[in-house]
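One structure below.
Values below: every heavy atom of this structure, side chains too, minus hydrogens, waters and symmetry copies.
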Amino acid sequence: MLDEASRRAAFPSLEGMTYLNTAAEGIPPLAVGEALQEYFRDKQRGAAGRERHMAQWEAVRALTARLYGMSPAEIGICSNSSEAFNLAALALRLQPGDEVVINDLDFPAGITPWLQPACPAGVKIWRSREGALRVEDLVPLLGPRTRLVTTSLVSYFNGFRLALPPVTEAVRRHSPALLAVDVTQALGRVPLDLSGADLVVSSTHKWILASHGGGLVGVPEGRNAEWTVPAGGWFNLQEPFERAFGSPAESKPGAASFMAGMPNFPALYAIRAALEHLLGVGVEAIEQAARPLVAACLEGLSRLPVELITPREEGSLAGILAFRHPDMAALFQRLREAEVHVMHSAGRMRVSLHGYNTLADVERFLTVLSAALR
């Protein structure tokens, strides 16, 4: 992944294009395709294939636990991050007078469950300044009624990377709230220290280079009581087939309660292969290789007539850069015609750099963008 030979071997589809859009869709290594074929072979065994399916489920929990810094028992797997946050909303059992703190750099999946009219809690907004979230702006929003603070570790919108320890300290000092962290735009790209997080969520089709259809949930064992989802189903329940018909259902505690029904086994095969690939390369090695590319891209963008909306503060960068320009639609079209793939949505253009990117990718992007701006 980090050298030309391994890049060509694992990611042959990158030949002929400049792909800078991993924050939307990661390019999976060939091992992921092979894993999906493995699922098909196992599925052809019928019910006898379930033993192999469940081995994939166990493997994904163990691999995710390594990245989250948790134990496999603290990992649950649902279908996507949106499902995870809606299940979390069920678990909290919010009441009138409760308060939830969201922020304006977060992805809709993590904020809209609390903005539905059916949610009884009040919502406070932690607003960014100059593209960054400041802890001193969070503190006045916290109080005895705060039940939840939810945030992304890396913003999908502009790539701002939150320093988690001071946020955790502020939440603990000024409220009884739980802290939920969406690591979708960080997992597989930067090393994680999730100490103090009470709920961790990630999707699977971006930086970890797996397929759609996964929501990786982490619940520390000490928070099981707060994050046990009262949902119907069977996979999430204690003794679902042994209880007398009509008796009350009882959810498994914590992370296990986020898996209501039959696991998405095709996705699990893909996720297992992708995580094995990433851990084989090493997230630290990926960050070391990609960090200079982000710096070079940021420096190049700063010299062009665009409005950078990614903060340049020390420690605030991960893999995403974002900017604005009055003619973004035309710029996006010119880039796409040149096989330079970036994101244009939500009123900005976004570039994302992963371990399979190269300095040549950055130079190609800046060259085409500069020509389009002229």
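A donor-acceptor pair shorter than 3.5 Å cannot be found between the side chains of Arg172 and Ser175.
Ring geometry for Trp57 against Phe235 counts as perpendicular: the plane angle is over 60°, on a 0 to 90° scale with 30° as the lower cut.
By the 6.0 Å contact criterion, CD on Glu314 is open, its count of non-hydrogen atoms from other residues, nucleotides or ligands being 12 or less. Other residues, nucleotides and ligands contribute over 12 non-hydrogen atoms within 6.0 Å of the CZ atom of Arg134. Atom CD of Glu4 has more than 12 heavy atoms from other residues, nucleotides or ligands within 6.0 Å.
Within the 4.5 Å cutoff, the side chain of Leu317 has no heavy atoms near those of the Arg161 side chain. You'll find the side chain of Pro263 stays beyond 4.5 Å of the side chain of His53, heavy atoms only. No side-chain heavy atom of Val217 sits less than 4.5 Å from a side-chain heavy atom of Trp227. Counting heavy atoms from C-beta on, the side chains of Pro191 and Glu287 come closer than 4.5 Å. For the pair Val101/Leu148, no side-chain contact is recorded, criterion being any heavy-atom separation below 4.5 Å from C-beta on.
Taking the six-membered ring where the residue is Trp, the centroids of Phe11 and His277 are separated by under 6.0 Å.
Annotation: ring pair (Phe, Tyr, Trp, His ring centres under 6.0 Å) contacts of Phe332 (sequence neighbours excluded): His344.
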